[in-house]
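Heads up: the structure comes next, in structure tokens.
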Amino acid sequence: MLHILTCYEGQDGMKKVILLLVDSLMPHLLESCIQKKSIPALQFLKERGRYWPEFVTVFPTMTASVDSSLLTGVYPNVHRVPGIIWFHPQEQRVIDYWNGWRCAWKLGLTACTRNVLYHLNENHLSEGVTTLFEELEDRGKKTASINALVHRGRKKHRIKFPFLLNVLSGFRLNGEISGPEILTFGTLAQNNLNRAIPRYLKGWRKFCGFNDSYAVQAAKTLILSKDQPDFMLVYLPDNDHEVHKKNPDHAERSLIRVDRHIQELLNAFGSWEEAIVQCVFIIIGDHGQTRIGPNKEYTINLDHLLRPFRVLQLGEEVGDHDLVVCNNERSAYLYPLKKGKQEEMVQQLMTEERIDLIAWKKDRGVVVKQGGSRGELYFAPGGSHVDIYGSKWTIVGEPAVLDLRVHQGTIHYGDYPDALSRLFGALYSQEIPMIVITARPRYEFFCRYYPKHLNGGCHGSLHKYDSLIPLMIAGTEHPINEPPRLIDLKPFILGLFETVSPMG
Ligand SMILES: [Zn+2]
């Protein structure tokens, strides 16, 4: 059957698309650096393209749940990846995609590595959804994933660990993972691209290739190969580590380094002008970060707060426990294991004023309270209220709990962008009873073995500080849903490659 390419770009065929996912890229820092003229590549793309400083990401604002939504275009209630750490009721164990060394150590280094390498893409990400890679490949497009955490595609790739790690793990980590036609997962996925990258970017100290320099070299090699994939997702992780350490107000140097990498990619086309003639560039963050206070006062110790209950400790087998706590930095999932205990737990959580929101499931909807206050809001999908994204809701109680403003039947969001869909998405990512809590700005949750970020940055909550990220699109005027959310990016990118069959 004959297909005609009716590309929005006119008759000169479709452009290639490069999506750069910069971990913890934040709009306020981006804008202040552009004002100081310290990030010329990002400035060029912003000035020559379109820019949205309030692009709404997914809740929990953690890379695993965010990337799953980016690639599938749906919230966690559909794609089923609840966060970076969560409780698996059938397997009766905590699933961790490596939230710090000490957590992984307690839960088993091999088990956590297998979660990231195999289970996230092959088992946890719902079979009922398709990824952007899968859909583009089904349409005959060539795609590449450079170091992205979520990369499910139609092709199988062999994973091979370095000899020493193989010995330490008893050779249990080698195997096959699915991905797009071209896949790098640090140096672990076996391919020709890996060989083209200098050795010094691939060693232990460089996290076996999980670094910005490796990713940019891989992307550059593909651009210069004259066989650049139609769509390429390039994940740049380094900025996240810096912002955690330095806090969001002092991470300028990190962003300057990111910009140098983007310059390298643009330079690969001969000129920056030529780059946006040949390609559509999309730059996004995955979540923001909030500056955490300088001392212990700013960590909400859940081990202490939940002392009246028998909490499962990391590494323990599930037995006569009351609950499991899975701490996603500035949010946490609590899973009551015994009937009738949830109410008692909520009462205990309500005594802590540094907790921002406490939410749980009720009658196909969600109840939300604020820590330390009496106000309560209930909401459920379907009803007479419509939010600014066109979703319908029933709301009962005090809209102020989620900083909602209802004007002539329309729900507008304040401090918690897209709060209803995002909170619902998190709580219905699993079918078991669960409570989700978030920390007030400047605070984070802490449990034994979990990482702390005092005086640094941290994320995970529903608040706008963690939730609003920049979106930059250069090289196309193709429309995107407005106001845009992360889940709108998949249909936008598919739209860039639309083909239309002629009549008959
Ligand atoms: Zn982070």
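Predicted model, so just to flag it, every value in this text is computed and none were measured. We count ligands from 1, going down the list as the structure has it; atoms in each ligand are counted the same way.
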Tell me whether the guanidinium CZ or amine NZ of Arg440 lies under 6.0 angstrom from the six-membered ring centre of Tyr443 and within 45° of its axis.
no
Glu329, Arg330, Lys245 screened by side-chain contact (heavy atoms from CB on, under 4.5 Å) with His453, the one that passes:
Glu329
Using only N, O or S atoms, tell me which atom of His244 is closest to the Zn ion (ligand 1).
NE2
In terms of side-chain geometry, is the basic nitrogen of Arg257 or Asp212 positioned less than 4.0 Å from the acidic oxygen of its partner?
no
Minimum heavy-atom separation for His79 to Ser65, with atom names?
NE2-O, 3.5 Å
May I ask you to check if any N/O/S atom from His459 comes under 2.8 Å of the Zn ion (ligand 1)?
yes
Does any N, O or S atom in Asp23 come within less than 2.8 Å of the Zn ion (ligand 1)?
no
